[in-house]
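Keep in mind that this is a model prediction, so the values were computed, not measured.
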Amino acid sequence: MDIHEYQAKELLKRFGVAVPRGGIAYSPEQAVYRSNELSGDKWVVKAQIHSGARGKAGGVRICSSEEEVAEAAQWMLGRKLVTHQTGPQGKLVGRLYIEEATNIAQEIYLGFVLDRKEERVVVVASAQGGMEIEEISSNEPDSIIRSVVDPAVGMQAFQAREIAFQLGLDAALIPQATKTIIGCYRAMSELDANMVEVNPLVVTTSGEIVALDAKLSFDENALFRRPDISELRDKSQEDQRETYASDRGLSYIGLEGKIGCIVNGAGLAMATLDMIKMAGGEPANFLDVGGGASPERVLMSFKAVLNDKNVEAILVNIFAGINRCDWIAEGVVRAVKELNLKLPLVVRLAGTNVEEGRQLLADSGLNITTADTLTDAASKVVAAWKEASQKEPV
Ligand code: GDP
Ligand code: MN
């Protein structure tokens with residue numbers, strides 16, 4: 001789960017990381033009010049969306065008058081900001097963060113990620129901050145510093161100091177840099193974050209180290225024990241298809257294709273996506289209905305799949321071990337009737353009570369194509385989708 005920059009800064013501050021002063025605004029008037037509150041003569045108006053690279057998209061503006069603040073706020077609020085991380089649909093700007101402007105002497109990159117091969121948190125840093133880590137690694141690969149943290153002892157002061165020295169910082173800045181690095185690491189481990197990125201971490205012209213941008217991402221499986229973090233969730237920033245499904249306990253991931261999938265078991269769901277591709281189609285989603293799927297849950301899965309307006313055909317693939325094929329079939333029949341489903345539908349059932357399940361589908365009198373094997377099911381759904389899409393008026 002991602003959170004907004006201002007929320008990330010608030011959290012990092014509690015761990016001793018220095019951040020600029022700022023305030024949140026939902027309207028241009030409020031933005032001006034915030035800038036007055038902060039005093040000074042230069043402010044930064046920052047669009048709060050769950051994406052980086054806002055600067056290049058016009059979502060970060062340095063302003064030197066009230067008028068400029070109001071104008072920047074007016075431009076950003078309500079806009080779907082498209083950055084190269086958001087995809088072409090962009091993300092809606094619903095709130096702004098107004099900060100006192102910082103005078104930058106140097107921009108540093110500082111990131112904390114989980115390295116799966118190392119099975120450790122790895123600190124990635126570079127004295128060439130400001131650009132994204134991908135750019136740094138292609139433009140300035142030699143500038144990248146990597147440091148692996150031993151989880152038994154956590155980030156040690158000597159280790160943080162070593163990173164600070166490798167960044168080439170002045171001796172006078174080492175204590176502050178060390179405090180910042182340790183603070184970020186502690187925030188990550190104590191809040192169950194799986195990513196912390198401060199880009200840029202800046203050295204100011206007055207010799208201070210300040211986090212000018214901050215990104216924190218959290219492990220969703222740990223949110224149950226972090227109610228204060230859960231509260232920071234902003235659904236307006238998420239894929240609406242995924243929000244609907246996750247609110248209902250369905251394991252769903254939105255994809256770009258046309259064939260909606262309802263499968264039980266994550267492994268089978270992955271295999272189903274592969275088979276659809278091999279048959280010449282593109283899956284619209286990953287969806288695991290889970291073990292004991294009641295007819296209600298199947299109906300809910302259909303709704304989740306149909307929330308995606310790109311879906312043009314549906315494949316239900318169930319291998320019932322804990323599940324029962326007759327329950328699934330009952331759910332399928334209900335879904336087709338209640339949702340008045342007109343799209344091509346292929347159902348493959350196998351396992352417990354398979355005969356009863358197939359009978360239910362046959363007796364329904366509905367236009368449902370059945371399949372025996374996964375290969376059969378995948379080729380049938382792709383064929384049905386192709387046929388249906390050809391019939392559509394151009
Ligand atoms: P991002 O584009 O979404 O990563 O947003 P950032 O918060 O990182 O801002 C982008 C860039 O704007 C930074 O790398 C800085 O160069 C610049 N910037 C942001 N805040 C300030 C500020 O207070 N003063 C100055 N001079 N530049 C800033
Ligand atoms: Mn940034």
Side-chain angles (χ1 to χ4, degrees), residues 245 248 250-252 257-308 310-392:
R248 287 158 184 80
L250 294 168
S251 184
Y252 175 104
K258 306 280 189 192
I259 299 176
C261 303
I262 298 171
V263 189
N264 74 312
L268 188 61
M270 301 279 275
T272 305
L273 305 188
D274 286 344
M275 294 304 283
I276 288 173
K277 283 199 156 222
M278 283 176 73
E282 287 290 335
N285 66 278
F286 166 100
L287 194 164
D288 172 11
V289 290
S294 62
E296 285 72 29
R297 226 173 138 69
V298 174
L299 176 64
M300 216 149 68
S301 303
F302 269 89
K303 287 185 183 161
V305 165
L306 290 168
N307 269 334
D308 181 348
N310 285 324
V311 168
E312 293 175 357
I314 298 179
L315 172 58
V316 177
N317 182 22
I318 302 293
F319 189 91
I322 307 168
N323 255 312
R324 286 172 39 182
C325 287
D326 52 329
W327 282 354
I328 301 284
E330 199 184 317
V332 169
V333 171
R334 267 187 60 188
V336 174
K337 287 183 178 161
E338 284 182 33
L339 305 174
N340 194 21
L341 185 77
K342 296 279 184 255
L343 301 176
L345 171 63
V346 176
V347 180
R348 180 241 176 174
L349 298 174
T352 312
N353 291 357
V354 64
E355 290 313 326
E356 290 87 333
R358 287 185 186 160
Q359 199 58 48
L360 268 166
L361 294 182
D363 293 347
S364 71
L366 296 169
N367 187 13
I368 299 171
T369 306
T370 55
D372 290 332
T373 64
L374 176 49
T375 318
D376 185 32
S379 59
K380 276 180 175 161
V381 76
V382 172
W385 160 65
K386 282 188 176 158
E387 199 189 310
S389 60
Q390 272 161 12
K391 267 191 268 175
E392 270 169 33

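- With rounding to the nearest 0.5 angstrom, the SG atom of C325 is 7.5 Å from the CZ atom of R358.
- Under the 4.5 Å side-chain criterion, counting only non-hydrogen atoms from C-beta, E338 is in contact with L299.
- Rounded to the nearest 0.5 Å, atoms CG (N353) and CD1 (I328) are 11.0 Å apart.
- D288 places a side-chain N or O within 3.5 Å of a backbone atom of G265 that can act as its donor or acceptor partner.
- At least one donor-acceptor pair under 3.5 Å links the side chain of T352 to the backbone N or O of G321.
- The side chain to side chain contact (heavy atoms under 4.5 Å, CB included) test with L345 is passed by exactly one of T369, V332, N367: V332.
- Remark: M275 CE to S379 OG distance equals 8.0 Å, nearest 0.5 Å.
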Stepwise side-chain contact (heavy atoms from CB on, under 4.5 Å) check, I368 with V316: CA-CA 10 Å; I368 299 171; V316 177; over 6 Å; no
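- Once rounded to the nearest 0.5 Å, the distance linking CD1 of I259 with NZ of K386 reads 8.5 Å.
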Criterion side-chain contact (heavy atoms from CB on, under 4.5 Å) on F319 and L374, from CA distance to verdict: CA-CA 10 Å; F319 189 91; L374 176 49; over 6 Å; no
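- Each of T370, D326, L361 was compared with L349 under the side chain to side chain contact (heavy atoms under 4.5 Å, CB included) criterion, and only L361 meets it.
- The minimum heavy-atom distance between G280 and W385, with the atom names listed, is O-CZ3, 4.2 Å.
- Remark: the backbone N or O of G281 is not paired with any side-chain donor or acceptor of K258 at under 3.5 angstrom.
- Closest of all the heavy-atom pairs between N323 and G290 is ND2-O, 3.2 Å.
- By the neighbour-count criterion of 12 heavy atoms within 6.0 Å, atom CD1 of I322 is sparsely surrounded, having that number or fewer from other residues, nucleotides or ligands.
- The side-chain heavy atoms of N285 and C261, taken from C-beta on, include a pair separated by under 4.5 Å.
- Proximity of a side-chain donor or acceptor of N317 to a complementary backbone N or O of A269 within less than 3.5 Å is not detected.
- Of all heavy-atom pairs spanning A377 and R348, the tightest one is CB-CB, 3.9 Å.
- Across every non-hydrogen atom of V298 and G331, the tightest pair is CG1-C, 3.7 Å.
- In plain terms, the two heavy atoms of A245 and Y252 that are nearest each other are CB-CB, 3.3 Å.
- Looking only at distances, no side-chain donor or acceptor of N310 sits under 3.5 Å from a matching main-chain atom of G257.
- With rounding to the nearest 0.5 angstrom, the CD1 atom of I262 is 6.5 Å from the CG atom of L287.
- In this structure, R297 contributes its side chain and V289 its backbone to a donor-acceptor pair below 3.5 Å.
- The minimum heavy-atom distance linking R334 with E296 is given by the pair NH1-OE2, 3.0 Å.
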Full working for side-chain contact (heavy atoms from CB on, under 4.5 Å) between V333 and K337: CA-CA 6 Å; V333 171; K337 287 183 178 161; 3.9 Å; yes
Stepwise side-chain contact (heavy atoms from CB on, under 4.5 Å) test for L306 and L343: CA-CA 10 Å; L306 290 168; L343 301 176; 3.8 Å; yes
